[in-house]
Protein chains: 2
Amino acid sequence: MHTQANAFNSDAFNTSHNHEHCVNAALLSAKTLCRDRGQRLTPVRELVLRLIWQSHQPLGAYELLPQLAEAGFNSAPPTVYRALDFLQELGLIHRIASMNAFIGCSHPDEAHPNAFMICRECKSAAELDTAELKSALSAAAGALGFQIEQESVELMGLCQHCREAAK
Amino acid sequence: MHTQANAFNSDAFNTSHNHEHCVNAALLSAKTLCRDRGQRLTPVRELVLRLIWQSHQPLGAYELLPQLAEAGFNSAPPTVYRALDFLQELGLIHRIASMNAFIGCSHPDEAHPNAFMICRECKSAAELDTAELKSALSAAAGALGFQIEQESVELMGLCQHCREAAK
DNA sequence: GAATTGGCGTTATATTATAACAGTACACTT
DNA sequence: AAGTGTACTGTTATAATATAACGCCAATTC
Ligand SMILES: [Zn+2]
Ligand SMILES: [Zn+2]
Ligand SMILES: [Zn+2]
Ligand SMILES: [Zn+2]
């Protein structure tokens, strides 16, 4: 079963759901967010967002290009990077620095750290719930006088699914 | 004052010390570690390690090339990347993915997560003490059935030094 | 000292990302 | 509706980061 509520619960590792629902919910939410902020979710941007959301695995910019071409858009790097920058600035996607790849944000309306679990087996990535994590980070850094402005947490490992499959 | 003990206390933000001591201690420690593991700290590798340690700021591979050339080594990318890979595998340096850059490890003898604070002002980076952090991460990820194998934490912000200077 | 291994030099190329400028669509004013 | 400015996109070129592949030499092993 799959409700809008859990479309945003970061459970990308559970692949046994109708992911099209997630994608549609994310697009709807993105449209609202853009309207609220006076930004335009143009066709290229919307397509890029859809393509990224369709994948549970972070996608590289150059993986998107052929799909843009297929949809009749210009498929030169600047096109996709511009869309990615826009989506990132609005908090609709995150960049996974260790992979040079991008993935949809599961709760773009609230400010939160960039924190992901990435499965080495299925390559899926899911956002980490970060209320407690954030305070642990602040405490650790604050003890050394460091004031955090932006977090990036990327945890590599095995998701539950792949762990069970490996047994 | 500056003892070997605090050469490894991660306080890269405190620039008011004789950093040459840190560098020498790191090189000495690297030599021991290599000998123990039957690895060779060749001249190129040693120079790369020294260059990286000399900087409190993470250095990119291509920043090292001219300095290798100056020292009479080949200065093509593969040379420096091979040295960097070697040093990384031995845990002597860390890669900061969000910056495509490398920095010396302040405690290469003990296994630990890749966790850094990076100052946006002075660009210095310092390792985070991670005993508690690690358990916070494991707890957060474990609650979702994710088994962490490798951590990467990169915190951007302002170090104490720059924070005080900004007042 | 022959064979094997590991490290380096070298050339070429892959991958990721941005600069710069021209044209086009949209939003806003009048 | 026409004019005007702005934001978005197309296009070409190039920068920045990283790796593949191969051959040579030096060290280690047998
Ligand atoms: Zn998010
Ligand atoms: Zn998995
Ligand atoms: Zn370290
Ligand atoms: Zn600073």
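In what follows, every chain begins at residue 1, and chains take the letters A, B, ... in the order their sequences are listed.
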Quiz item: With a 4.0 Å cut-off on heavy atoms, is B/Arg45 in touch with a base, just the backbone sugar-phosphate, or nothing at all?
Solution: sugar-phosphate
Exercise. Scan A/Asn100 against the nucleic acid and name what it touches under 4.0 Å (heavy atoms): base, sugar-phosphate only, or nothing.
Key: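 If one applies the 4.0 Å heavy-atom cut-off, A/Asn100 turns out to touch the sugar-phosphate alone, with no base involved.
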For the pair made of [atom1] in [X] and [atom2] in [N], what is the distance, rounded to whole Å?
X	N	atom1	atom2	value
B/Leu84	D/dA18	CG	P	9 Å
B/Asp85	D/dA18	CG	C1'	10 Å
A/Leu59	C/dA17	CG	P	13 Å
B/Leu65	D/dT19	CG	C1'	14 Å
B/Gln88	D/dT19	CD	C1'	14 Å
A/Phe73	D/dC8	CZ	C1'	12 Å
A/Glu89	D/dA7	CD	P	13 Å
B/Arg40	D/dA27	CZ	P	7 Å

Phosphate contact ([N] OP1 or OP2) by [X] side-chain N/O below 4.0 Å:
X	N	value
B/Thr42	C/dC8	yes
A/Thr79	D/dT9	no
A/Asn74	D/dT9	no

Quiz item: Does B/Leu133 reach the side chain of A/Leu137, with side-chain heavy atoms less than 4.5 Å apart?
Solution: yes
Quiz item: If we ignore angles and hydrogens, is there a donor and acceptor under 3.5 Å between the side chains of B/His19 and B/His17?
Solution: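 Yes, because at least one side-chain N or O of B/His19 sits under 3.5 Å from a partner of the opposite role on B/His17.
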Quiz prompt | Side chain of B/Pro78 (C-beta onward), nearest among C/dA19, D/dA20, D/dT17 | solution = D/dA20
Quiz item: Is there a donor and acceptor pair closer than 3.5 Å between the side chain of A/Arg82 and the base of D/dG10?
Solution: yes
Practice problem: Identify the heavy atoms of B/Gly104 and B/Glu127 that sit nearest to each other, and give their distance. | Solution: O-OE2, 4.1 Å
Look for any protein N or O under 3.5 Å of an N or O in nucleotides 14-16 of chain D and output each such pair with its distance, or none.
none

Donor-acceptor pair, [X] side chain versus [Y] backbone, under 3.5 Å?
X	Y	value
A/Glu154	A/Ile118	no
B/Arg50	B/Leu27	no
B/Gln57	B/Cys122	yes

Quiz item: Taking for each residue the nucleotide of DNA chain C bearing the nearest heavy atom, is the 5' side occupied by B/Phe86 or by B/Ala76?
Solution: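 This one resolves to B/Phe86.
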Quiz prompt | Sole residue of A/Phe102, A/Trp53, A/Phe116 in ring pair (Phe, Tyr, Trp, His ring centres under 6.0 Å) with A/His94 | solution = A/Phe116
